[in-house]
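In what follows, chains carry the letters A, B, and so on, assigned in the order in which the sequence lines appear, proteins first and then strands, with residues in each chain numbered from 1. The figures that follow rest on heavy atoms only: side chains count, while hydrogens, waters and symmetry mates do not.
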Amino acid sequence: MGDKKGLLLDTTLCIGCGACYEACKERNQLPRTATHFLEDRLSDQTYTVVKRRGGRFVRQLCMHCEVPTCVSVCPVGALEKTAMGPVIYHEARCIGCRYCMLACPFGIPKYEWRKILPRVRKCDLCADRLAAGRPTACAEVCPTGATRFGDRQALIEEARARIRAHPQKYVPRIYGLEEVGGTSVLLLSDVPFERLGYRTDLLSEPLPLLTWQVLQKIPNFVVVGSVLLGGIWWITNRRREVQLRERQQRELREPSAPESADSWHEEP
Amino acid sequence: MTRWSFRRPSFWQLVFAVILGAGLYSTVVRFTGGLGASTALSDAFPWGLWVGFDVLCGVALAAGGFTLSAVVYIFNIERFRPIIRPTILTAFLGYVLVIVALLFDLGRPYRIWHPLVMWNPHSVMFEVAWCVMLYTTVLALEFSPMVFERLRLERPLRILHALTVPLVILGVILSTLHQSSLGSLYLIVPEKLHPLWYSPLLPIFFFISAIALGCAMTIFESFLSYRAFRKRLEIDLLSDLGKVIVVTLAVYLVLKVQDLAGRGVLSRVLEPTYEGRMFLAEMLLGVIGPILLLSLRRIRTDHFGLFVSAVLVVLGFIMNRLNVSITGMEASSGVSYFPSWTELSVTLMIVALGFALFGAAAKYLPVFPETERLLASSLVEPPAVAVLRRPWIGTTPLVLILGGLFFIGAMGSAYSGLQHRERTLAAVSTREESEPQIAEGLKHLEVPPDVTFPQGEASPGPVIFRHASHLNWERPDCTICHHEPFRLLKASGSAASSPARDLHDERHCGRCHDGRTSFSVKEDCTACHRP
Ligand code: SF4
Ligand code: SF4
Ligand code: SF4
């Protein structure tokens, strides 16, 4: 657990300077997509934005869920949750079904709609920098500590401590502690989270459980189903054979018109 | 052939050619311009018509095939044997067309085989992919006897014959999995799909409605192929299918009501909202209407009555799948989606190809049982009960009136739903954007240390740049300088990448020190250069 990294975003500390936005663009070598960063939105060329919401500045980026919906829905395993926390994308596997985009509860993955060979794009929590023991680019440049990088567990303690120190200021809740099973990106705020554009009606269980409940029954279904159908066939077929034999015997006694011509698998 | 029946195909051929032409053009647009240029899809709405109609509805075409082959081969109910072939053919075509549609929809169609070797059993889409591959194979094998028979190839026929029962069992299992898994796809979006459609029972609803659709398609095709080739199925078989539809839809209706009530959203069905009205339309058209029509013996034993009921089932079914995939997802996505003409024309082309292939197969392959015999039997009037009492109204007008009522009712409901659409969508997308307070953060603000620029050759003195004096302390915004002019926000955090060229120019200090925003670089040198 100690190895799991994360970010703590404290909206009360954010001054909306846009340094994180620029640092992200720089690190990922993304082109400019807006005249002013506050007017930009997430896209295939923008992995994080700072928004003006509810009288605060608030960042938006991939939450790097603990049990990521996007990873579970990808049919070819093109998305992966790494041990250190980042959810990363293996471009060479992706078939472009866009199920990850449909399924992500935070609406994060974006698609290169304009390209002939499009990729899914999103924040990867600077996985390469993390592996090298460095913080994310956005956390490194934040001048106020509104974006803090660290061990997820330590950040949770820190967030708890901040709430304890200023109980009248903060909304008594760490966003991302339980949402869809927890996320690597955690938020603190002094205004209700829904006013910041963060959904508070998400389930607290990981969403992949919803489909896994059904999927895990498949092997059983196949085995039981085949045996059952085979059994039914065995019984009904036996009955039919008996009937056929009886009919043949009857026909031997009194020959009648031939049977229907349309059946294509008539027993010989 | 009469003149009329001679001219009709040429009209349809014309329509077909137009559809094909438009579709091919769109195909070129799709594969040269990408998905963005050819579809109305967006980041907020990644699945549209190609998934909602082509895939979700195309797969369901196969439901008739597996239901009836189970009935005939597993349960050995021989009466239905003549229906098997058209349903298998429909199923096979359905799957082939689904694969074609997928090639359009996938961002990287040439990687369609990836799920074969790259596994993720936690993904419903993975299950879907395997079902498509395996069941298409099974269907091809089940379909092939028609071809072999036609070619009089005895050996493969015998082999396939021996394999029939295992194949059918495999097919039933796969198909059950597949129909339901399309519903399971949406289990993962509880907070996105509107509660009228999101339900833990989605897989079951998809499965049941697919069976009803499969039976309805069989009736529908029998009617069409009679008009085209004078080949069709016996009325008593079709009317039994009608019964199956009634029972299936009734089960569906009961489950649906229970489910809605159980989740406490039953009242929302009647609310005058976009979703409520569309839901009502779908239920009237595809469930309640057909149940009522087909419960009437007169309608169920009449070719035209069966046909109209089947059309209602098919339309209602399509509406259901579109509602799940589009209507129900629109509000949460915050955008409105309407397919582009490219999406529409490709879809039309795929449907037209389906009809054409079915027609060709019905014409050249032994799909429908021997014609003469069936014609003879269809000349026999439906059971006497209908004729005994003189009906107060002819069957055809009755069908038209009832069917028309439900159709108009549903369309009216859908129309009123569309009236609410704008409002529903607008309500979601209005997001508060008040002026932000710059809270606590300023107290914590740490500006980077001063930067001393080394003295140049002709320079009157070195320049010390102070962040603190270049910041608007009321509203700090680093990106005024740090996006283009000074790309200082290096990942390393060092100032190493500072511009080596003339700092006076309009890309650097000169950008603001231009005499308007601030004093000009051309004025007093010692304002910056301290000797
Ligand atoms: S926020 Fe979305 S994209 Fe990011 S890890 Fe979670 S599910 Fe995946
Ligand atoms: S679009 Fe790519 S990454 Fe996303 S679910 Fe499909 S295959 Fe996986
Ligand atoms: S760098 Fe820090 S203070 Fe500036 S916008 Fe980003 S989070 Fe807010």
Side-chain angles (χ1 to χ4, degrees), chain A residues 12-19 22-23 26-27 37 52 54-57 69 72-77 93 95-99 101-103 105 110-111 113-116 118 137 140-141 143-146 201-202 207 210-212 214 222 225-226 229-230 232-233 236-237 240 261-263 265, chain B residues 34-36 43 46-47 73-76 81-82 106-108 111-112 114-115 118 120 122-127 129 145 149 161 164-165 169 172-173 177 184 187-191 203 369-370 431-434 436-442 444-447 476-479 482-483 489 491 493:
Chain A
T12 67
L13 298 182
C14 180
I15 56 172
C17 67
E22 287 303 334
E26 171 106 18
R27 182 258 173 184
F37 71 93
R52 235 190 237 134
R56 296 290 177 274
F57 292 107
T69 315
S72 101
V73 300
C74 178
V76 291
R93 300 176 83 106
I95 58 175
C97 65
R98 311 184 297 283
Y99 194 18
M101 306 175 65
L102 187 89
K110 305 294 171 195
Y111 208 52
W113 295 101
R114 282 160 293 195
K115 294 209 179 156
I116 297 285
E140 194 175 70
V141 297
T144 67
D201 55 350
L202 298 177
L207 298 184
L210 295 172
T211 41
W212 185 239
V214 177
V222 172
S226 320
L229 288 177
I232 293 174
W233 170 79
T236 58
N237 197 47
R240 198 174 70 123
D262 59 60
S263 25
H265 283 153
Chain B
L35 284 168
D43 285 330
W47 282 6
Y73 294 114
I74 312 282
F75 292 89
N76 268 306
R81 198 177 273 268
L106 289 179
R108 304 268 191 141
R111 290 180 179 165
I112 195 167
H114 272 194
M118 302 172 189
N120 179 13
H122 282 259
S123 165
V124 183
M125 188 63 84
F126 175 74
E127 185 201 345
E149 227 170 78
H161 187 184
T164 305
V165 170
I169 292 182
V172 172
I173 300 270
L177 284 178
S184 314
L187 284 180
I188 202 91
V189 287
E191 71 300 297
E370 281 313 306
R431 297 244 163 86
E432 176 197 12
E433 288 227 350
S434 53
Q437 296 176 2
I438 299 182
E440 283 297 285
L442 277 184
H444 299 257
L445 181 58
E446 289 173 28
V447 287
D477 181 348
C478 309
T479 65
H482 285 295
H483 63 266
L489 296 164

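- For chain A, the option among B/L35, B/V165, B/V124, B/V189 with the highest count of heavy-atom pairs below 4.5 Å is B/V165.
- Judged by distance alone, the side chain of B/N120 and the main-chain N or O of A/V73 form no donor-acceptor pair under 3.5 Å.
- A donor-acceptor pair under 3.5 Å is absent between the side-chain atoms of A/R114 and the main chain of B/G34, judged by distance alone.
- Between chain B and the residues A/G230, A/A146, A/P105, A/G16, the most heavy-atom pairs under 4.5 angstrom are made by A/P105.
- Here the CZ-CE distance, from A/R93 to B/M118, works out to 5.0 Å after rounding to the nearest 0.5 Å.
- Of the inter-residue distances, the one linking B/D43 atom CG with A/K110 atom NZ reads 5.0 Å to the nearest 0.5 angstrom.
- Atom-to-atom distance recorded for A/I15:CD1 and B/D477:CG is 9.0 Å, nearest 0.5 angstrom.
- Separating the NE2 atom in B/H114 from the CD1 atom in A/I95 is a distance of 8.5 Å, to the nearest 0.5 Å.
- Going from atom CG of B/L445 over to atom SG of A/C17 covers 7.5 Å, rounded to the nearest 0.5 Å.
- Counting heavy atoms from C-beta outward, B/I173 and A/S226 have side chains that approach closer than 4.5 Å.
- The two residues A/V214 and B/S184 come nearest to each other via the heavy atoms CG1-OG, 3.9 Å.
- Rounding to the nearest 0.5 Å gives a distance of 5.5 Å between OH of A/Y99 and CH2 of B/W47.
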TODO: Given side-chain contact (heavy atoms from CB on, under 4.5 Å), test B/M125 with A/V76 step by step and report yes or no.
DONE: CA-CA 9 Å; B/M125 188 63 84; A/V76 291; over 6 Å; no

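- Ranked by heavy-atom pairs under 4.5 Å with chain B, the first of A/G77, A/G145, A/S72 is A/S72.
- Pairing each heavy atom of A/P118 with each of B/G107, the nearest pair is CD-O, 3.4 Å.
- In this structure, A/L202 and B/E191 approach most closely via the heavy-atom pair CD2-CG, 3.5 Å.
- A donor-acceptor pair under 3.5 Å links the side-chain atoms of A/R98 to the main chain of B/P46, judged by distance alone.
- Interface residue A/F37: only side-chain heavy atoms are found under 4.5 Å from chain B.
- When A/L102, A/I232, A/V222, A/D201 are compared by the number of non-hydrogen pairs under 4.5 Å with chain B, A/L102 comes out ahead.
- With contacts defined as side-chain heavy-atom distances shorter than 4.5 Å, the pair A/P143/B/V447 does not qualify.
- You'll find the side chain of B/I74 stays beyond 4.5 Å of the side chain of A/T236, heavy atoms only.
- The shortest distance between side-chain heavy atoms of A/C74 and B/S123 does not fall below 4.5 Å.
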